[in-house]
**Student:** 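Quick one: this structure, given as structure tokens, is what I'll be asking you about.
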Protein chains: 2
Amino acid sequence: MEEDGKGQAADRGEGAPTLEDVARRAGVSTATVSRALNTPERVAPPTREKVDAAVRALGYVPNFGARAMAARRTNTIGAIIPTMENAIFARGIQAFQEALQAEGYTLLVASSLYDPAVEEAEVRALVARGAEGLLLIGHDRDPAITRFLAARGIPAVVTWTWQADGPVPSVGFDNRATMQEMAGQVIAMGHRRLAAISAPTAANDRARARVEGIRAAMAAAGLDPAALDVVETPYGIDTGAAAFARLMSRQHPPTAVICGNDVLAAGALRAAHEMGIDVPGRVSVTGFDDIDLAEVVRPALTTVHVPHRKMGRAAAAALVAMIRGGPTPASTRLVAEIRLRASLAPPPADAPPG
Amino acid sequence: MEEDGKGQAADRGEGAPTLEDVARRAGVSTATVSRALNTPERVAPPTREKVDAAVRALGYVPNFGARAMAARRTNTIGAIIPTMENAIFARGIQAFQEALQAEGYTLLVASSLYDPAVEEAEVRALVARGAEGLLLIGHDRDPAITRFLAARGIPAVVTWTWQADGPVPSVGFDNRATMQEMAGQVIAMGHRRLAAISAPTAANDRARARVEGIRAAMAAAGLDPAALDVVETPYGIDTGAAAFARLMSRQHPPTAVICGNDVLAAGALRAAHEMGIDVPGRVSVTGFDDIDLAEVVRPALTTVHVPHRKMGRAAAAALVAMIRGGPTPASTRLVAEIRLRASLAPPPADAPPG
DNA sequence: GGGGCGAGTGTAAGCGCTTGCACGGCCATC
DNA sequence: GATGGCCGTGCAAGCGCTTACACTCGCCCC
């Protein structure tokens, strides 16, 4: 397109038509065209029709950047998620977007790949594009980012986690308490030697909270929290399988493996199958998130049902309220329920105590 | 944060800092600040440092819209996928984005929810935001959209399908031929009574091509293509399960169910389990896409491995070449390979012929 | 019959940025 | 010791749009 620029430009009639082109063709001023497009009720019907005809004839599409600059509004909201490849985010974000759209906002999504530096860059990029509000995942991040947003007066909501107070209001569930409940169930089944497969906890407060939840349940049951055998590994079925294999090769393998998410758990189940280890006969496995996978896998996965869609909708409502000038709302706590399925059962009778 | 708006405005110094604020603080002109930011090598090092300091102190972030308007470039590419909730798109798009980023482009993603009208609106929205190129899925769409893009001189690439010639170059695989190969394998196993579970074929050339591929394989094997029992159903595990139940309740149930994608196939497997139908003993099931699910499910799913990431990278390369002024490239054909796993086996010995 | 008013439209001032052009100073060259 | 060239910088003209403000009608009311 740039080889010489002249022939091409002719092909497409000197670039995209502008408001002025429309105005000229309709025989009115640019102000009138602008009004016909944005506040049609303030333009006389015959004028409106002339403008509409010109718009159609020219294939006119308003330039978003110019509009944003002149109107000083973008009706755009940004969201930064760790990755689109994780189904749990895809679902929540979809609901978030639908709710925003109903309110007249457009969503821009970026992914941070779990890298804090990338996340910071994405925050700036979204702000540069005029985001009037931001959805973020989790609380772990450089306070400078929060300060930056506050200085700009850009509201933000954190989700996929819940914290009564924090620099940013949250809409989500209590990862620690929920996982404690899950681990409590496992212990109640009679398990004493627990292990966990967790996502890397470094810059991930959700993963950290979940591991803490397990330890809390152990402490509450009189077990030594320090005895929890934790393997951290990146997200993925293969990595989950490898982690499970590692845990089961310990001198005293666990009777229950609590996984930080369903994908890791699915990997554990696959590894168990490959290793000829019976689940839940010999070892129980639990997940977290309740993605579709959980019900399809054999044995079906005991997991925590996270209300992704509800979370997305609630986050959208909170953010829109803030943008429209409401006071900073309190954090909203949703409940995530345990779904008991076949992968959790009492430990084998011959299992030695923890 | 907006309860009254006045005190706040003071807090944030009347809105976001602009280039001019930076220039004033650094004691240089706005032109110099702009150059320091965009072409640092053309600015004397001491000046550059003053500018950088001012930028940091002010927390300056350039206004993307203003920049785009002045520079007449956005370095932005748009993609419209049916939905983010489908893992296959998530993965391909991720690779697409990574490749674009390496070339200095930013990706904007929109989803059409399989609705042509929404897709058209998204095309306009992305063009409005300055997309310099577009990635689209499949060839099915109103020709007016293609004409619109051609008139604007905006290059587009279609993916997830392959067609030697078309209004838009494509980067993908041949859905029809690939599915024909898959169905050929099924028939070679001895199956005669085939059924299919397909995504709605209305505005989806990929789904349509896959069903045609099955029929072509039947015809090639001397079977009556019209005898193929097809159930169309929206994407989802539950819907796949329901479709499978429906197929198996026919007077003469099939011995093989060929599914248009892995998610529908996973639903079929779940339904089979629930109904006490042995797979592959009584009926075989195949999928398409080879998402993670396929290897985790029991029995493991025979499916078609689609090179999502490779496709994303190739599409990015083609699009960038077109944007940079290259000629419209020929369509690129990738190969999708069949992965034979446990869900496909010969039909039961007592199965009556088709 | 004149004044007031509201509806419909036009004029023009920016919004924040990039970039062609001009300019001043410095060094190398003849 | 001029002359030319280059480097670093500033000036100012837009990019395409929205929106206060001003203006013109035509109508209603007194």
Side-chain angles (χ1 to χ4, degrees), chain A residues 5 9 13-51 54-55 58-76 124-125 127-130 132 152, chain B residues 13-52 54-55 58-76 124-125 127-132 152:
Chain A
E14 302 298 338
T18 69
L19 239 213
E20 202 177 334
D21 297 329
V22 176
R24 200 175 308 122
R25 183 172 184 123
V28 298
S29 74
T30 60
T32 297
V33 177
S34 177
R35 281 188 284 255
L37 261 27
N38 300 313
T39 51
E41 72 282 2
R42 304 192 49 182
V43 169
T47 311
R48 202 189 306 159
E49 276 159 29
K50 277 189 300 184
V51 171
V55 165
L58 261 32
Y60 171 74
V61 172
N63 178 317
F64 179 84
R67 169 179 288 193
M69 189 154 45
R72 321 185 66 69
R73 278 169 44 285
T74 59
N75 289 325
T76 296
R124 289 178 190 283
V127 169
R129 282 182 187 264
E132 294 170 3
R152 280 271 187 306
Chain B
E14 302 298 337
T18 70
L19 238 212
E20 200 178 335
D21 296 330
V22 175
R24 199 175 309 122
R25 183 169 184 125
V28 299
S29 73
T30 59
T32 297
V33 176
S34 176
R35 282 188 281 254
L37 261 28
N38 300 313
T39 50
E41 73 282 3
R42 305 192 46 181
V43 168
T47 311
R48 201 188 307 160
E49 276 159 29
K50 276 190 300 182
V51 171
D52 286 351
V55 165
L58 259 32
Y60 171 75
V61 172
N63 178 319
F64 179 84
R67 168 178 288 191
M69 188 152 47
R72 320 185 66 69
R73 277 170 42 284
T74 59
N75 288 326
T76 296
R124 288 176 192 285
V127 168
R129 283 184 188 261
E132 295 170 1
R152 278 272 187 305

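Every value quoted in this text rests on a predicted model; they were computed, and no experiment measured them. The sequence lines fix the lettering, A, B, ..., with proteins before strands; numbering per chain opens at 1.
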**Student:** Hey, could you give me the CD/CZ distance between B:E132 and B:R73, rounded to the nearest 0.5 Å?
**Tutor:**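 The distance works out to 7.0 Å.
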
**Student:** What's the spacing between B:R67 CZ and B:R72 CZ if we round to 0.5 Å?
**Tutor:**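 With rounding to 0.5 Å, CZ (B:R67) is 16.0 Å from CZ (B:R72).
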
**Student:** Could you check which residues of residues 60-71 of chain A get a heavy atom under 4.0 Å from DNA chain C? Sort them by number, please.
**Tutor:**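 Contacts with DNA chain C under 4.0 Å: A:M69, A:A70.
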
**Student:** If you measure from OG1 on B:T39 to CD on B:E41, what distance do you get to the nearest 0.5 Å?
**Tutor:**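 Rounded to the nearest 0.5 Å, the OG1-CD separation comes out at 5.5 Å.
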
**Student:** Within residues 19-35 of chain A, which residues have any heavy atom lying less than 4.0 Å from an atom of DNA chain C?
**Tutor:** A:V28, A:S29, A:A31, A:T32, A:R35

**Student:** Identify the heavy atoms of A:F64 and A:T76 that sit nearest to each other, and give their distance.
**Tutor:** CZ-OG1, 3.7 Å

**Student:** Determine whether a donor-acceptor pair (N or O, by modelled atom type, separation under 3.5 Å) exists between the side chain of B:R48 and the backbone of B:V43.
**Tutor:** yes

**Student:** How sharply is the helix from C:dG1-D:dC30 to C:dC30-D:dG1 bent, taking the axes over five pairs at either end and rounding to 10 degrees?
**Tutor:** 40°

**Student:** Under 4.0 Å from a heavy atom of chain B: give me the 5'-most and 3'-most nucleotides of DNA chain C that qualify.
**Tutor:**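 Result: C:dG16 to C:dG20.
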
**Student:** To check you understand the geometry: which heavy-atom pair defines the closest contact between A:L37 and A:Y60, and what is its length?
**Tutor:**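 In this case the closest contact between A:L37 and A:Y60 is CD2-CE2, 3.7 Å.
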
**Student:** Could you tell me the separation between the CD atom of B:E41 and the P atom of D:dG8, rounded to a whole number of Å?
**Tutor:**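 Answer to the nearest Å: 10 Å.
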
**Student:** For residues B:V22 and B:V33, report the shortest heavy-atom separation together with the two atoms involved.
**Tutor:**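 Smallest interatomic distance, heavy atoms only, reads CG1-CG1, 3.7 Å.
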
**Student:** Taking all heavy atoms of B:R152 and all of A:A16, pick out the closest pair and write down the distance.
**Tutor:**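 Shortest heavy-atom contact: NE-CB, 3.4 Å.
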
**Student:** Who pairs with B:R24 by salt bridge (Lys or Arg N to Asp or Glu O under 4.0 Å), at least two apart in sequence or on another chain?
**Tutor:** B:E20, B:D21

**Student:** Which residues in residues 44-51 of chain A have at least one heavy atom lying under 4.0 Å from any atom of DNA chain D?
**Tutor:** none

**Student:** To the nearest 0.5 angstrom, please state how far the OG1 atom of A:T74 sits from the CE atom of A:M69.
**Tutor:**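 Rounded to the nearest 0.5 Å, the OG1-CE separation comes out at 13.0 Å.
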
**Student:** What are the two closest heavy atoms between B:L58 and B:R25, and how far apart are they?
**Tutor:** CD1-NH1, 3.5 Å

**Student:** Any donor-acceptor pair under 3.5 Å linking the side-chain atoms of B:S29 with those of B:R35?
**Tutor:**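 Their side chains do not contain a donor-acceptor pair, so the 3.5 Å distance test is not met.
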
**Student:** Is there a side-chain contact (heavy atoms from CB on, under 4.5 Å) between B:V28 and B:V51? Walk through the geometry before answering.
**Tutor:** CA-CA 8 Å; B:V28 299; B:V51 171; 4.2 Å; yes

**Student:** So which atom in A:T30 and which in A:L19 form the shortest heavy-atom distance, rounded to 0.1 Å?
**Tutor:** O-CD1, 3.6 Å

